[in-house]
2 protein chains.
Amino acid sequence: MKIPQNIKVAVDAVVFGYEQKELSVLLIKRGVEPFKGSWALPGGLVLENESLEDAVQRELQEETGVTIDYLEQLYTFGIPGRDPRNRVVSVTYFALVSPNNFKISADTDADEVQWFSINELPELAFDHDKILSIALKRLKSKINYQPIGFELLKKEFPFSDLEHLYQTILNRKIDRRNFRKKILSFGILTETDKIHQPSSGRPAKLFKFNAQKYKELQKSGFHFEIKFA
Amino acid sequence: MKIPQNIKVAVDAVVFGYEQKELSVLLIKRGVEPFKGSWALPGGLVLENESLEDAVQRELQEETGVTIDYLEQLYTFGIPGRDPRNRVVSVTYFALVSPNNFKISADTDADEVQWFSINELPELAFDHDKILSIALKRLKSKINYQPIGFELLKKEFPFSDLEHLYQTILNRKIDRRNFRKKILSFGILTETDKIHQPSSGRPAKLFKFNAQKYKELQKSGFHFEIKFA
DNA sequence: TTCATTTAGTGTTGATTTTACACAAAATTA
DNA sequence: TAATTTTGTGTAAAATCAACACTAAATGAA
């Protein structure tokens, strides 16, 4: 005799943002038990007729109002007991948001959505700390072999922003000359004619990531890959 | 008004084996509709109280009798309509089997389980061709940066087996001297005192993968990584 | 107005890694 | 014993990586 399966499917997203040389994660404060009042990753149950990706986008829209620039599946968690109420299998996603879309929508309760610096995280509900740590690992590893760092910057950015981004995420110094040389050698950045005036110091040219060019290069076997001194 | 969610959770596994310089995948012939009579990846619904990994192991045991040497989560598929009956979210796994465990258990119906060379695949049920192609991509990419190739060989193997394995999976020639030099330089192989007599030609020393050593090296920052001419 | 401070921008050299490449050694079979 | 098969090995040129420091252009303060 078979017992009918009753497992709920949820999605959760680890959304990263970067501003002011700080890497942050988007969290929501839970309004219901269990873990009422705790911070958690945005997410929720998948609806009957929507794809997993649609579910993530919908939940992010509903809960945070934030627009996502990059989204990929991270990992699926399904150990019985990870949710104290029911069996929930959670498909988690990894998302990046550019500073342009950093702001939290006005129609969400600001009390309940917040960016947290990766260095000052609160305790998280469920197994969300584990999910977050896997996402962070993915980010740290992936920026080395895929040009996803640009998703965390404005469309046009001074080179030093990219440099600082890598240093922040990888948490170490990078040789400026070697880094610039390497990235520029890929030929996937376009120099704009605009310049950026920092609060003090020499003005900087603005660059933008050329996704079109990147795709072409990919087709001819090019592989984005960074190694550091 | 909320409609209660009714989504089933399944697991499916792409199991790779390697023998006679051929890479193969383990498939089962479906005994029930839909796709009755078609070949498909082994898998099935997750039980109420088992973890996803346990579900994969159980299904593989039940359906194929094959013992798995390496298992990792691959990707989760959840587009509505991928199963014509119900909404099914399938968490897929990627598995490797060594030739020692290659044989299909006697208590399964041999008619319904079979190894297929990656070059002579039948049509597959559901979206299993897509799953398989992602698994293959993963395998091709992962053998370059993780020592998982050994899971597809016997515990003790002549060096040329490793060489052929890489050539088969990557589908290209590899320089024998450079390959050997690189792999040996890692220090994760132990030379046994046994030798292997090929059907003709010079006898070869047998090596084995030293998982212990690999773990130690990993801790001190070593990273398995292969690049080829 | 110039001096101190801040950030952007740039090349060279030595060390290391990668690539290309060919022949001798040990066994089997005819 | 000659032909065939597979193992095992070194070197040199090319490419990449790693280390390293000063000048340029702006701002703000003295």
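- For the pair B:H196 NE2 and D:dT7 C1', the interatomic distance rounds to 11 Å; values are reported in whole Å.
- A distance-only check finds a donor-acceptor pair linking the side chain of A:N144 to the backbone of A:K140 [under 3.5 Å].
- Here the side chain of A:K182 is nearest to one of D:dT27, D:dG8, D:dC17, namely D:dC17.
- Remark: B:K208 NZ is loosely packed, at most 12 non-hydrogen atoms of other residues, nucleotides or ligands lying under 6.0 Å away.
- For D:dA21, the base has a donor-acceptor partner in the side chain of A:R177 [N/O atoms by modelled type, under 3.5 angstrom].
- When each of B:E72, B:E53, B:Q57 is checked for a side-chain hydrogen bond (donor to acceptor under 3.5 Å, both in side chains) with B:Y93, only B:E53 meets the rule.
- Listed candidates were D:dT6, C:dA26, D:dA21. Nearest to the side chain of A:R176 is D:dA21.
- Of the candidates C:dT10, C:dA22, D:dT27, the closest approach to any side-chain atom of A:S200 belongs to D:dT27.
- The NZ atom of A:K21 sits 6 Å away from the P atom of C:dT7 (whole-angstrom rounding).
- Between the CD atom of A:Q197 and the P atom of D:dG28 there is a distance of 10 Å, rounded to whole Å.
- Shown here is B:K182, whose NZ atom has more than 12 heavy atoms of other residues, nucleotides or ligands within 6.0 Å.
- Whole-Å rounding puts the B:L184 CG to C:dT17 P distance at 16 Å.
- For C:dT7, the base has no donor-acceptor partner in the side chain of A:R202 [N/O atoms by modelled type, under 3.5 angstrom].
- Per the geometry, CZ belonging to B:F179 stands 15 Å off C1' belonging to D:dT7, to the nearest Å.
- Remark: A:K142 NZ is packed, more than 12 non-hydrogen atoms of other residues, nucleotides or ligands lying under 6.0 Å away.
- Considering only side-chain atoms of B:K227, the nucleotide from D:dG8, D:dC17, C:dT19 that sits closest is C:dT19.
- Remark: the backbone N or O of A:I79 is not paired with any side-chain donor or acceptor of B:S51 at under 3.5 angstrom.
- In this structure, A:K181 reaches the bases: a heavy-atom distance under 4.0 Å links it to at least one base atom across the strands shown.
- In this structure, the CG atom of A:D175 is 12 Å from the C1' atom of C:dG11, given to the nearest Å.
- Panel note: side chain B:S90, backbone B:T92; no donor-acceptor pair is recorded below 3.5 Å.
- If you measure from atom CD of A:E225 to atom P of D:dT16, you get 13 Å, rounded to the nearest angstrom.
- Computed from coordinates, the B:R180 CZ to D:dG10 C1' distance equals 13 Å when rounded to whole Å.
- For residues 149-164 of chain B, proximity to DNA chain C is found at no residue, defined as any non-hydrogen atom under 4.0 angstrom from a strand atom.
- Among the nucleotides C:dT10, C:dT19, C:dT28, the one closest to the side chain of A:K205 is C:dT10.
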